[in-house]
Undergrad: 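My structure is below; once you've seen it, I'll send some questions.
Fair warning: this is a prediction, and the values are worked out from it, not measured in the lab.
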Amino acid sequence: MSSIPGTIDFASPLRGHDVAISSAQRRLRMLRLSITSKCNFRCCYCIPPEGVSKVAHAELLRLERLGELVAWLCGETGINRVRLTGGEPLVRRGVVNLIGIISALPQIEEVTLTTNGSLLAGMANSLKLAGLKRVNISLDSLDQARFAAITRGGELRKTLAGIEAAIAVDLAPVKLNAVLHRSTWKQDVPLLLDFAAEKRLEIRFIELMRTGTERAWCDSEFVSAREVCEGLQIEASRTGELTNSSAQRTTISWRGEPLIVGWITPRSHPFCAKCERLRMDAQGKLRRCLMDAATFDLHSVLQNEGPFLGQRSFRRFLAGKRPPKAMDNVIPMSQVGG
């Protein structure tokens, strides 16, 4: 299959996907910290129809403790960026204080946040003052009916207000995240590109992964980034220097104007060989990968074994970081941390 003329080649997987990653020998840079599994949306690609089991509030670590664990990880690795996720991180009381704690760590260069945007309008300024640098906001459709169907009840106007608030307080660059669905991309993607161009925002399109949702639904709704580009006759060329970001960042020509678009292609062209991420949930448990079933209870290990033995256990766990065999996980995204 040929590539789009003069564009990034979606037909060629990134080199090194089949090579095991020895994370004990390389320095991690990014921690994705899920501070809650709760969310005020129930997105169909994140939460199965029957819902998910709730984690009792008493089982969650205090945000101050999470800050301590982040500090320990920074001392043991090269982590210098933290992205707060959920669930929906803005439903967790105290998130502003946590941002202040993490952004004050000497190793941390940037604290960012992924959100559905519905609560952002009333919090954007406080988050910015606490040290938050920028936000990624999920926006899968600009049609209220489709937005409500995808989110199972979300209100589009609240997310749009959150986007405006983020722009107003300069949580920049504000990036939009949209998950591609085969049944609706032809309606949604052009409108989202129009919106991003109008607001001068970067938008990233994400291939659908199975994380706790029904396999048949995921398979039927999957569409590759390459197919979308071809369908819209988009010409995309790489933008700037190559980075370890999960997105293939490109400049496209859209209605005669240049627009920055990121393509996140975990299923059609995995980027695992470049991974420099670690994940931690609100109970202090680490995951080496979104698709890795194994966890490491950092909170309990440090309490029970102490820093020295805990360090050795952590390094052994980290040494097992490998590219997954498939982008497939039976655990819902909201419980792993998006």
Side-chain angles (χ1 to χ4, degrees), residues 3-12 14 29-30 32 81 83 85 109-117 120 124 128 132-142 159-160 162-181 185-208 223-271 274-277 338:
S3 63
I4 307 164
T7 71
I8 182 171
D9 187 359
F10 285 111
S12 299
L14 296 174
R29 294 289 184 268
M30 162 72 81
R32 294 182 70 97
R81 293 172 289 140
R83 175 172 294 279
T85 69
E109 298 176 4
E110 182 181 70
V111 180
T112 60
L113 182 141
T114 294
T115 174
N116 63 38
L120 190 55
K128 176 73 174 182
L132 188 68
K133 295 297 184 184
R134 56 186 177 87
V135 291
N136 286 16
I137 301 174
S138 297
L139 181 66
D140 295 311
S141 178
L142 284 163
T159 292
L160 294 179
I163 293 170
E164 294 295 342
I167 295 170
V169 302
D170 197 31
L171 285 170
V174 176
K175 296 182 181 180
L176 306 178
N177 289 343
V179 176
L180 296 168
H181 296 84
W185 75 263
K186 292 180 181 179
Q187 295 78 41
D188 287 326
V189 172
L191 293 176
L192 289 167
L193 289 171
D194 286 343
F195 180 79
E198 176 191 348
K199 299 295 181 181
R200 297 186 177 182
L201 303 177
E202 181 174 337
I203 186 165
R204 294 122 57 85
F205 293 106
I206 306 168
E207 291 180 347
L208 180 65
V223 60
S224 71
R226 187 180 192 283
E227 185 175 342
V228 171
C229 281
E230 289 186 330
L232 294 177
Q233 297 184 320
I234 288 175
E235 292 190 0
S237 57
R238 287 194 183 274
T239 297
E241 298 179 359
L242 294 178
T243 70
N244 282 349
S245 169
S246 58
Q248 298 190 55
R249 197 164 179 261
T250 66
T251 297
I252 72 167
S253 177
W254 181 247
R255 306 201 194 281
E257 298 293 331
L259 178 64
I260 296 177
V261 179
W263 306 93
I264 300 178
T265 58
R267 289 185 62 179
S268 66
H269 302 92
F271 37 80
K274 300 195 301 177
C275 182
E276 56 181 17
R277 296 178 179 180

Undergrad: Rounded to the nearest 0.5 Å, what's the gap from CG on Leu180 to CH2 on Trp185? Could you check?
TA: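 Between Leu180 CG and Trp185 CH2, I get 9.0 Å after rounding to 0.5 Å.
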Undergrad: Can you find a heavy atom in the side chain of Leu171 that is under 4.5 Å from one in the side chain of Leu113?
TA: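 Not in contact.
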Undergrad: Enter the distance from Thr115:OG1 to Asn136:CG here, rounded to the nearest 0.5 Å.
TA: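 The OG1 atom of Thr115 sits 10.0 Å away from the CG atom of Asn136.
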Undergrad: Would you compute the distance between atom CD1 of Ile137 and atom CG of Leu120 and round it to the nearest 0.5 angstrom?
TA: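 Between Ile137 CD1 and Leu120 CG, I get 5.0 Å after rounding to 0.5 Å.
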Undergrad: Taking the side chain as C-beta and beyond, is there a heavy-atom pair between Ile163 and Leu201 under 4.5 Å?
TA: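 SC-SC contact between Ile163 and Leu201 confirmed.
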Undergrad: Can you tell me if Glu207 uses its side chain to pair, donor with acceptor, with the backbone of Ala225 under 3.5 Å?
TA: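 Looks like yes, one N/O pair under 3.5 Å.
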Undergrad: Under 3.5 Å, is there a donor-acceptor pair between the Asp188 and Ser141 side chains?
TA: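 Their side chains do contain a donor-acceptor pair, which is all the 3.5 Å distance test asks for.
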Undergrad: Judged by atom type as modelled, is there a donor-acceptor pair below 3.5 Å linking the side chain of Thr85 to the main-chain atoms of Thr114?
TA: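 No.
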Undergrad: So, Lys128 side chain and Asp170 main chain: donor-acceptor pair closer than 3.5 Å or not?
TA: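 Here the side-chain-to-backbone pair exists.
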Undergrad: Distance from Arg277 atom CZ to Arg32 atom CZ, nearest 0.5 Å?
TA: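 Atom-to-atom, Arg277:CZ and Arg32:CZ are 5.0 Å apart.
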Undergrad: If only atom types and distance count, is the side chain of Arg267 paired as donor or acceptor with the main-chain N or O of Ser224 below 3.5 Å?
TA: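 No, Arg267 side chain to Ser224 backbone: no donor-acceptor pair under 3.5 Å.
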Undergrad: When rounded to the nearest 0.5 angstrom, what distance separates CD in Glu202 from CG in Leu259?
TA: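 Reported to 0.5 Å precision, the distance equals 8.5 Å.
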Undergrad: Do Thr250 and Ile234 come within less than 4.5 Å of each other through their side chains, counting heavy atoms only?
TA: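 Result no, sub-4.5 Å side-chain heavy-atom pair not found.
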Undergrad: How about Arg255 and Leu193: do any of their side-chain heavy atoms sit closer than 4.5 Å?
TA: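 Not in contact.
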Undergrad: From Ile260 CD1 over to Lys175 NZ, what is the distance, rounded to the nearest 0.5 angstrom?
TA: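 It comes to 9.0 Å.
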Undergrad: Measure across Asn116 and Thr159 and return the closest heavy-atom pair with its distance rounded to 0.1 Å.
TA: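 So the minimum-distance heavy-atom pair works out to O-OG1, 2.8 Å.
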Undergrad: Out of Lys133, Arg134, Arg81, which one pairs with Glu110 under the side chain to side chain donor-acceptor pair (under 3.5 Å) rule?
TA: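 Passing option: Arg134.
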Undergrad: Would you call Ile206 and Asn177 a side-chain contact if the rule is heavy atoms closer than 4.5 Å?
TA: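 Answer yes - side chains close enough.
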Undergrad: Taking side-chain contact (heavy atoms from CB on, under 4.5 Å) as the criterion, tell me which of Val223, Leu232, Val261 meets it with Val189.
TA: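 Exactly one pass, corresponding to Leu232.
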